[in-house]
Amino acid sequence: MVNKVKVRCRYCEKDAVVRIPYAKLNLCSDHFNEFIVSKVRRSIERYKMINPKDKVLLAVSGGKDSITLTHIMYKILRELDFKLIVLHIDLGIGEYSKKSREIVENLCKSLSIDYIVFDLKNDLSLTLPEFIQKLKTRRICSLCGIIKRYIMNAVALELNVDSVATAHHADDVLTYIIKDFILQDYEAMRKLVPISIGVPGIVAKKIKPMYEVYEYEAAMYVVRNKLEFIDIECPFKKVKSLEDSVRKFIEDLEKRSPGIKISFLRKFAKMYIGREVEGFRKCRVCGLASSGDICSFCRLTEKSFGKPLGSKVREVIREKIGKAVV
Ligand code: AMP
Ligand code: ZN
Ligand code: ZN
């Protein structure tokens, strides 16, 4: 039998349960929590994401990353003096969406966080699977992304919040940066900043408080805090070979030079913050942000349902907000 050598936490007498290689730290459960929470708090301060008295709309899917962020934001909201509202988008993907929604609603109720659910089926009479069927597209994740981003932005504008937060972490962001660079999609690449200022009435300010949190840290956080999250994959998720290779590449790089992801992301942020809204236009149909004459959401809905639904989404949201708990 092998006797495991116990390693003590750097800050207390307890056994360490986690090793953070880039910080050369062995931590117990409590100090790991403290470490991650203060990492998020420091990113919020470093990139000036939130000001006192701000209203922040947090987009929560029910996955490990956004559940982690909800828990952390809840812990720091008094200290940083902001108000938190959660948005969940129910995409109508059978059991997967039902379970995700339940998880988000339960967490919000247990922490008494105000939340709003945008339900594609009830609110727009169409679900993501119906959308896919009508469009006969194979680019499902990018279609889903367009719908989610449109709804997040529209809700943020109608609620008049100061920013909308997503749970993208360092591994996501760095993977997308390198992928966009390889594909020479520089317009998409420069949007991968921790904070984008927005344009009043057209596009909300966006923040990524987990910009410097690694994926394994979020995974550990949900487990260590026994938080419920959706652990089944979206049934439409496909293996993306380029993205997968990039993820493996950065993992390997990080192993050889612990901390390289964070230092790269900090330099990237310095270079691109403030440049992400260059070339923004207003959609001719719904009036929200667009890179062309008509925004992707209006274009897609016109193609699949015969009429652009941007303005309808905004109407539904206005009605919802009237009745909402926020
Ligand atoms: P994804 O596009 O799935 O990589 O998600 C990026 C971010 O968008 C997540 O970190 C969440 O903050 C948010 N998000 C994704 N799916 C949803 C959803 N169904 N409802 C609300 N927010 C979501
Ligand atoms: Zn400790
Ligand atoms: Zn539009």
Side-chain angles (χ1 to χ4, degrees), residues 7-18 25-35 56-70 73 86-93 96-97 99-101 103-105 115-120 128 140-156 164-169 171-173 175-176 192 202-203 206-211 213 215 218 229-230 233-234 236-237 240 243 281-302 307-314:
V7 180
R8 186 123 45 85
C9 169
R10 164 76 73 90
Y11 301 114
C12 73
E13 297 295 311
K14 285 189 218 143
D15 291 341
V17 292
V18 176
L25 282 177
N26 297 310
L27 300 171
C28 69
S29 230
D30 291 344
H31 282 111
F32 166 73
N33 270 350
E34 229 174 75
F35 177 79
V56 179
L57 182 71
L58 172 60
V60 184
S61 64
K64 68 176 190 323
D65 309 328
S66 53
I67 290 292
T68 291
L69 186 56
T70 310
M73 294 287 265
V86 159
L87 166 67
H88 176 70
I89 302 163
D90 183 336
L91 298 156
I93 311 175
Y96 171 77
S97 291
K99 189 91 189 71
S100 306
R101 178 178 177 158
I103 289 170
V104 177
E105 287 187 326
Y115 67 93
I116 179 164
V117 176
F118 191 95
D119 182 332
L120 282 189
L128 187 74
I140 297 171
C141 292
S142 89
L143 166 74
C144 181
I146 290 171
I147 299 171
K148 286 188 295 199
R149 279 193 298 275
Y150 188 86
I151 294 170
M152 283 177 209
N153 188 42
V155 173
V164 37
T166 51
H168 294 98
H169 49 60
D171 295 86
D172 277 344
V173 179
T175 302
Y176 300 150
L192 292 160
I202 301 177
V203 57
K206 296 195 191 79
I207 58 172
K208 299 182 182 71
M210 298 222 290
Y211 194 73
V213 173
E215 179 162 22
F229 65 98
I230 182 91
E233 286 273 2
C234 168
F236 292 113
K237 191 171 176 190
K240 298 176 199 147
E243 202 173 301
R281 291 164 66 182
K282 231 175 145 160
C283 169
R284 182 159 54 81
V285 182
C286 69
L288 298 193
S290 175
S291 53
D293 193 29
I294 298 183
C295 75
S296 321
F297 184 80
C298 285
R299 225 175 330 111
L300 275 177
T301 43
E302 171 146 49
K307 64 174 185 194
L309 291 180
S311 307
K312 163 105 179 128
V313 168
R314 301 190 68 184

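Counting starts at 1 for both ligands and their atoms, in listed order.
Between A59 and ligand 1, at least one N/O pair is under 3.5 Å apart. The shortest N or O to N or O distance between A165 and ligand 1 is not below 3.5 Å. For a threshold of 3.5 Å applied to N or O pairs, the pair formed by T166 and ligand 1 contains no separation below that value.
Between Y11 and H31, the ring planes lie tilted relative to each other; the angle falls in the 30° to 60° range.
Using a non-hydrogen distance threshold of 4.0 Å, M152 registers as a contact of ligand 1. In this structure, V60 counts as a contact residue of ligand 1, since one of its heavy atoms falls inside 4.0 Å of the ligand.
Of the heavy atoms in K148, only side-chain atoms (C-beta onward) come closer than 4.0 Å to ligand 1.
Checked for salt-bridge contact, D172 and K208 miss the test: no charged N lies under 4.0 Å from a carboxylate O.
Counting only heavy atoms of the protein, atom 9 (C) of ligand 1 lies nearest to A167 N, 4.0 Å.
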Salt bridge (charged side-chain N to carboxylate O under 4.0 Å, His left out) between K307 and E302, intermediate numbers included: CA-CA 4 Å; K307 64 174 185 194; E302 171 146 49; over 6 Å; no
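Between the side chain of S290 and the backbone N or O of C283 there is no donor-acceptor pair closer than 3.5 Å.
The Zn ion (ligand 2) sits nearest to atom ND1 when only the N, O or S atoms of H31 are considered.
Against a heavy-atom cut-off of under 4.0 Å, H88 is close to the following atoms of ligand 1: 20 (N), 21 (C). Atom numbering of ligand 1 starts at 1 in the shown order; those under 4.0 Å from a heavy atom of L87 are 21 (C).
One finds an angle of 110° at the Zn ion (ligand 2) between SG on C9 and SG on C12, to the nearest 10 degrees.
Across all non-hydrogen atoms, the minimal contact from C295 to Y150 is SG-CE1, 3.8 Å.
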